[in-house]
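Have a look at this one before I ask anything.
Sequence lines set the chain letters: A, B, ... in the order given, protein chains first and strands last, and positions in each chain run from 1. Fair warning: this is a prediction, and the values are worked out from it, not measured in the lab.
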Number of protein chains: 2
Amino acid sequence: MSDKRKIAEAAIVRLSVYNRALGEIEKEGLEIISSDELGDRIGYHATQIRKDLSCFGEFGEVGKGYFVRDLRDAISRILGVDRKWNVALAGAGHLGSALLAYPGFRQRGFNIVAVFDNDLAKIGKKWEGIVIQDTSELAKTVKEQDIRIGIIAVSPQVSQEIVDTLTSCGVRAILNFAPASITVGEGVELRNVDLATELECLSYFLTNEAEVRTEVLRKIKNNNGEGG
Amino acid sequence: MSDKRKIAEAAIVRLSVYNRALGEIEKEGLEIISSDELGDRIGYHATQIRKDLSCFGEFGEVGKGYFVRDLRDAISRILGVDRKWNVALAGAGHLGSALLAYPGFRQRGFNIVAVFDNDLAKIGKKWEGIVIQDTSELAKTVKEQDIRIGIIAVSPQVSQEIVDTLTSCGVRAILNFAPASITVGEGVELRNVDLATELECLSYFLTNEAEVRTEVLRKIKNNNGEGG
DNA sequence: CGGATGTTGTGATAAATTTCACAATATTAG
DNA sequence: CTAATATTGTGAAATTTATCACAACATCCG
């Protein structure tokens with residue numbers, strides 16, 4: 001079908017998951033895989049995988065499955081990770097430091113090429129081969145290094161300000177780790193990762209769902225119950 | 001209505017966002033807020049907020065809005081964060097170290113009380129007041145410290161093994177940062193955060209959506225198309 | 001007091017997403 | 001070649017999620 005309009009964000013996340021799984025499968029030496037087996041491995045329905053892929057083209061062979069290598073290449077192209085992206089990191093604290101050292105970024109084509117902070121004690125220091133710069137140099141560096149993506153690992157108090165600076169320099173994609181409600185203008189893509197929110201969801205589950213599940217199980221036991 | 005069955009996971013994530021925003025609003029000194037204004041701040045529709053809340057009860061006052069403090073307390077209870085949770089961290093690498101130091105966890109009631117690693121050079125060292133332990137001590141520590149949540153910050157190669165160990169010790173909630181397809185048994189809640197996936201979504205946007213949007217904008221310009 | 005305004009909670013409706021069902025087609029074994 | 005089997009791609013159906021529309025009621029202002 002190859003109709004790129006209106007692809008759900010959730011579908012894009014899944015494509016990334018498919019790609020990672022295909023990488024594992026390739027390492028295992030498998031050359032062909034069916035949507036059914038891929039789905040089993042990552043916990044999705046086979047039809048979900050096929051439907052997701054069908055938005056972008058036909059990649060499988062009927063009666064056979066998908067060539068692992070080919071599908072991986074295809075998804076990489078769809079995601080735009082068949083190239084390198086230069087990334088700026090704002091914030092050289094604990095989290096920023098960990099992100100700078102995170103091997104998964106480089107492995108998957110994302111190179112952090114600049115780090116910014118407003119702490120005078122850190123500016124000028126070299127981490128992982130990169131000199132920490134003052135935020136005032138941001139505009140110049142973004143242009144010089146062709147930076148397209150910004151990662152926010154600063155305190156929530158200054159996060160919006162840094163986001164504004166980045167977008168005013170032409171950065172159109174922001175990954176925000178600061179626990180704050182950030183707004184961006186039209187045409188800028190923002191993804192928020194709130195680490196505490198992730199734990200809060202688990203807390204909800206531990207507090208509520210587990211009980212409900214126990215109760216449901218008890219009921220099923222009692223009525224042998226077709227619980228709709 | 002207060003019917004806790006079948007609450008969408010997305011709704012729980014939103015509740016956490018509401019709660020964080022309410023914290024900010026409280027700090028600003030506001031005592032009452034409408035769903036409309038809250039929605040504006042965090043980028044959701046007012047009806048979405050009201051609908052989410054309606055699953056758990058009635059917290060607002062007609063014609064007036066919500067008492068910020070009361071709503072925050074109510075959501076905290078719903079999420080189960082009106083208490084402290086003890087958390088185990090597996091993996092004392094860069095990322096583990098950053099998570100251990102992350103202030104947002106403690107602020108929101110999550111205390112990392114134990115850290116595990118299999119690197120002999122790290123075991124026995126003290127970080128942020130916590131002695132890094134060998135994984136062999138996991139079962140004992142989980143029981144002694146009443147640990148209910150596990151955070152996985154180990155390499156993808158050993159992540160499944162650590163998850164299995166944790167769940168076999170009775171941990172029923174896992175936050176996984178390892179870029180691997182983890183499976184858990186019935187009754188265990190797993191949340192995955194793949195940092196590279198987040199960037200891959202941004203890459204997709206930069207590669208595809210931006211073009212589409214440009215095209216749409218051009219069309220709107222031509223038809224003078226009454227967009228919001 | 002009374003009308004204008006503001007806001008919630010929710011049933012109804014719309015939109016989006018996922019799953020089903022199956023035609024089409026490739027492969028394998030005899 | 002033929003029958004049995006495997007698997008894709010996709011229209012249709014089912015399900016889930018989000019938005020709308022509005023009754024109910026509180027508050028404000030004159």
Whole angstrom is fine here: how far is it from CG in A:D52 over to P in C:dT17?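 So the two atoms are 11 Å apart, to the nearest Å.
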Salt bridge (charged side-chain N to carboxylate O under 4.0 Å, His left out) assessment of A:R148 paired with A:D146: CA-CA 6 Å; A:R148 303 293 184 90; A:D146 189 30; 2.9 Å; yes
Candidate nucleotides C:dT18, D:dG11, D:dA18, ranked by approach to the side chain of B:R14 - the nearest: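 It is D:dA18.
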Given that A:A10 and A:E61 both sit by DNA chain C, which one's nearest nucleotide is further toward the 5' end?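 That would be A:A10.
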Backbone N or O of B:A180 within a donor-acceptor pair of the A:R20 side chain at under 3.5 Å?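 Yes: the side chain of A:R20 pairs with the backbone of B:A180.
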Could you check how far CZ of A:F56 sits from C1' of D:dT8, rounded to whole Å?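 Atom-to-atom, A:F56 to D:dT8, this comes out as 18 Å.
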Would you tell me whether A:N19 and A:S76 have side-chain atoms, one donor and one acceptor, within less than 3.5 Å of each other?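 Side chains of A:N19 and A:S76: pair found under 3.5 Å.
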OP1 or OP2 of D:dA6 versus the side-chain N and O atoms of A:Y66: is any pair under 4.0 Å?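 Negative; the distance criterion is not met.
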Determine whether A:V142 and A:V171 make a side-chain contact, defined as any pair of heavy atoms from C-beta on separated by less than 4.5 Å.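 The answer is yes, as the side chains (C-beta and beyond) meet within the 4.5 Å cut-off.
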Taking only the side-chain heavy atoms of B:R50 (C-beta and beyond), determine which of D:dT19, C:dT8, C:dT19 contains the nearest atom.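 When the side chain of B:R50 is considered, C:dT8 is the closest of D:dT19, C:dT8, C:dT19.
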What is the distance from CG of A:L53 to P of C:dT17, rounded to the nearest Å?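 These atoms are roughly 17 Å apart.
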Which of these nucleotides, C:dT27, D:dG9, D:dT19, is closest to any side-chain atom of A:S54?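 Of all the options, the side chain of A:S54 is nearest to D:dG9.
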Any side-chain N or O of B:Q48 under 4.0 Å from OP1/OP2 of D:dT17?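 No, B:Q48 has no side-chain N/O under 4.0 Å of OP1/OP2 on D:dT17.
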Side chain of A:K64, heavy atoms from C-beta onward: which of D:dT7, C:dT19, C:dT27 has the nearest atom to it?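 It is C:dT27.
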Mind calculating the distance between CG (A:D36) and P (D:dA6) to the nearest angstrom?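 After rounding, the reported distance stands at 11 Å.
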For B:E58 and D:dA24, give me the distance from atom CD to atom C1', rounded to whole Å.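 The answer, rounded to whole Å, is 11 Å.
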Given atom CZ of A:F67 and atom C1' of C:dT27, what is their separation to the nearest angstrom?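 From A:F67 CZ to C:dT27 C1': 12 Å.
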Name the closest nucleotide to the B:H45 side chain, picking from D:dT27, C:dA24, D:dT19.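 So the nucleotide nearest the side chain must be D:dT19.
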Consider the side chain of B:K51, meaning its heavy atoms from C-beta on, and name the nucleotide among C:dT7, C:dA12, D:dA12 that approaches it most closely.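 The answer is C:dA12.
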So, B:S35 versus B:R50: side-chain donor-acceptor pair below 3.5 Å or not?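 Their side chains do contain a donor-acceptor pair, which is all the 3.5 Å distance test asks for.
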Just call it for A:T47: base, sugar-phosphate, or nothing, with non-hydrogen atoms closer than 4.0 Å on any strand.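 Contact class for A:T47: base.
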Send over the distance from B:E37 CD to C:dT7 P, rounded to a whole Å.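 Computing the B:E37:CD to C:dT7:P distance gives 9 Å.
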Expressed as a whole number of angstroms, how long is the span from B:I12:CD1 to D:dT17:C1'?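 About 14 Å, once rounded to whole Å.
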